[in-house]
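Reckoned from all heavy atoms, side chains included, excluding hydrogens, waters and symmetry mates.
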Amino acid sequence: MKSIYITSVGPHSGKTAICLALGKQLQAKKLKVGYFKPLSFQPWRIGDKLADEDAAFVKEVLKLQVEPWELSPVVVTPDFLNERLQTENTGELMTMVIEKSKTASKGVDVMIYEGGGSLRDGYVVGMPSDKVAKKLDTKVLAIVRFRHMVHLLDDTLAAETRLGDALGGVLINRVPADAMDFVTSRAIPYLESKGIQVFGVLPETRSLEALTTQELRNVLDAELLTESYNPEGLVESLVVGAMTADSALHRFRKQTNKAVITGGDRSDIQLAALETSTTALVLTGNLHPSPLVVKQAEDLGVAVFLVPSSTMETVEKIERIFGKTRMGQIAKLEKFESLVNQFVDLDKLYKSFGIKF
């Protein structure tokens, strides 16, 4: 059996999407694929069981026979953390993870392990990515999200320092168009001169990072003020409306398919937003807007949501999930698979991890 341990250098880098894309491609090549996520910080209740939200979706997409709660045996909740802080013995967790991984990998040709959301994850329970990968005897594919030219290089070099010989190579994700030349002509040659394999560079694709209006409504538990809305409408950017109407209009024109978060009493901002490409208005403070705003939004097909929280609190709630590739939509996954096939040297990647067809 061969394996790949896929982890992120930092949050929202696209590791679950990579797990799914590689898993589906390997299945298409007639290999039996397994999946296992040793540590989770995303509790997902299924009946009386705790599972991981991503693991539950991976099971569905890859049609795995193992139960979701068996795919991620250590799920960190507040109660779990409080209990762990009262004991210094975390070794039994690693022992359990190794045993569970053996069960999940029975009869499998290629095992995909999903690591933490960053290389900082897992230390408090004795399960950082480098230690888990070593115990599972697998090499690591690190996903590096582009944030800045310097950060890209530092993040990748930091991953090499932490993972050492376990690092099989990296994928660079979400590179904006204006940074692509730097990444391909300067950064990659530099990293490869340091002995770090780079398997591919995926371009930034805003529609993959977007939330749907339904996801936005769910995360905010918002009241819908318009009679109807498109639950699959995409929110690709967030704009806080806390300026004058003239300044707002100038800023709003620069952002398409956006959600505008503003006070319910700011009719000037709301109307300015409706003059531009807006998917949703999120009105804060439980302040109902003018009927004119609601009527105009309905005519334009813009969802209007009302929430009791302040503008700042509302933005913080959205930002916890915004920018994370939400693979809960099959159409998004298919688009991401296409990007992986186009921009990743899969032959080089599979050879590095010893995977043969």
Exercise for the section: Would you check, one step at a time, whether the test salt bridge (Lys or Arg N to Asp or Glu O under 4.0 Å) holds for E99 with K102? Expected result: CA-CA 5 Å; E99 290 303 313; K102 289 177 181 178; 3.6 Å; yes

Practice task
Step through the shown structure and confirm whether more than 12 heavy atoms of other residues, nucleotides or ligands are within 6.0 Å of NZ on K134.
Solution key: no

Exercise for the section: Apply the test side-chain hydrogen bond (donor to acceptor under 3.5 Å, both in side chains) to residues D52 and S72: give CA-CA distance (whole Å), side-chain angles for both, the deciding distance (0.1 Å), then the verdict. Expected result: CA-CA 6 Å; D52 173 80; S72 190; 4.8 Å; no

Handout entry: Minimum heavy-atom distance E192-K348, with the two atoms named
Key = OE2-NZ, 3.4 Å

Practice task
For residues T311 and T262, report the shortest heavy-atom separation together with the two atoms involved.
Solution key: OG1-C, 4.1 Å

Handout entry: Least distance between heavy atoms, K100 atom then E70 atom
Key = NZ-OE1, 3.3 Å

Practice task
Group every Ile, Leu, Val, Met, Phe, Trp and Tyr by side-chain heavy-atom contacts under 4.5 Å, then state whether M96 and F36 land in the same group.
Solution key: yes

Problem - Backbone N/O of G10 and side chain of R145: donor-acceptor pair under 3.5 Å - result: no

Exercise for the section: May I ask you to decide if L62's main-chain N or O and Q27's side chain share a donor-acceptor pair within less than 3.5 Å? Expected result: yes

Exercise for the section: Check whether any side-chain N or O of D109 sits under 3.5 Å from a backbone N or O of K32 as a donor-acceptor pair, and report yes or no. Expected result: yes

Practice task
Using the rule that two of Ile, Leu, Val, Met, Phe, Trp, Tyr join whenever any of their side-chain heavy atoms come within less than 4.5 Å, decide whether M94 and Y123 are in one cluster.
Solution key: no

Completion exercise
In this structure, CH2 of W69 is separated from CG of D48 (nearest 0.5 Å) by 8.0 Å

Problem - Main-chain N/O of G116 paired to T7 side chain as donor or acceptor, under 3.5 Å - result: yes

Practice task
Determine, using the 4.5 Å side-chain heavy-atom cutoff (strictly less than), whether L141 and L26 are members of one ILVMFWY cluster.
Solution key: yes

Exercise for the section: Please assess E114 against K59 for the test salt bridge (Lys or Arg N to Asp or Glu O under 4.0 Å), listing each intermediate value before the final yes or no. Expected result: CA-CA 13 Å; E114 182 172 354; K59 168 186 164 57; over 6 Å; no

Problem - N/O donor-acceptor pair under 3.5 Å between Q270 side chain and R266 backbone - result: yes

Exercise for the section: For K351, look at atom NZ and say whether over 12 heavy atoms of other residues, nucleotides or ligands are found less than 6.0 Å away. Expected result: no

Problem - More than 12 heavy atoms from other groups under 6.0 Å of CG on D165 - result: no

Problem - V293 side chain near L281 side chain, heavy-atom distance below 4.5 Å - result: yes

Practice task
Find out if a path of hydrophobic residues (ILVMFWY) with successive side-chain heavy-atom gaps under 4.5 Å connects Y5 to V125.
Solution key: yes

Practice task
Any chance you could lay out the salt bridge (Lys or Arg N to Asp or Glu O under 4.0 Å) test for K135 and D137, step after step, and finish with the verdict?
Solution key: CA-CA 5 Å; K135 289 290 186 180; D137 191 25; over 6 Å; no

Practice task
Would you please test Q214 and N218 for side-chain hydrogen bond (donor to acceptor under 3.5 Å, both in side chains) and show each step?
Solution key: CA-CA 6 Å; Q214 184 63 54; N218 289 346; 2.9 Å; yes

Handout entry: Ring geometry between F199 and F353 (parallel below 30°, tilted from 30 to 60°, perpendicular above 60°)
Key = tilted

Practice task
Taking T278 for its side chain and L274 for its backbone only, find out whether a donor-acceptor pair lies under 3.5 Å.
Solution key: no

Exercise for the section: Give the minimum heavy-atom separation between T16 and V58, together with the two atoms involved. Expected result: CG2-CG2, 4.2 Å

Problem - Which atom of L153 lies closest to which atom of A187, heavy atoms considered - result: CD2-CB, 3.9 Å

Problem - Heavy-atom donor-acceptor pair, N173 side chain to S13 backbone, under 3.5 Å - result: yes

Handout entry: Side-chain (T213) to main-chain (N230) donor-acceptor, under 3.5 angstrom
Key = yes

Handout entry: K258 side chain to S277 backbone, donor-acceptor under 3.5 Å
Key = yes

Handout entry: Non-hydrogen atoms of L216 and A280 that approach each other most closely
Key = CD2-CB, 4.1 Å

Completion exercise
d(K2 NZ, S105 OG) to nearest 0.5 Å is 14.0 Å

Handout entry: Connected via hydrophobic side-chain network under 4.5 Å: Y190 and I196
Key = yes

Fill in the blank from the handout: To the nearest 0.5 Å, atom CG of D121 lies from atom CZ of F41 at 5.0 Å

Handout entry: Expected output: side-chain S8 to main-chain S118 donor-acceptor under 3.5 Å
Key = no

Completion exercise
Only one of V198, I143, V9, V140 passes side-chain contact (heavy atoms from CB on, under 4.5 Å) with V170, and that residue is V198

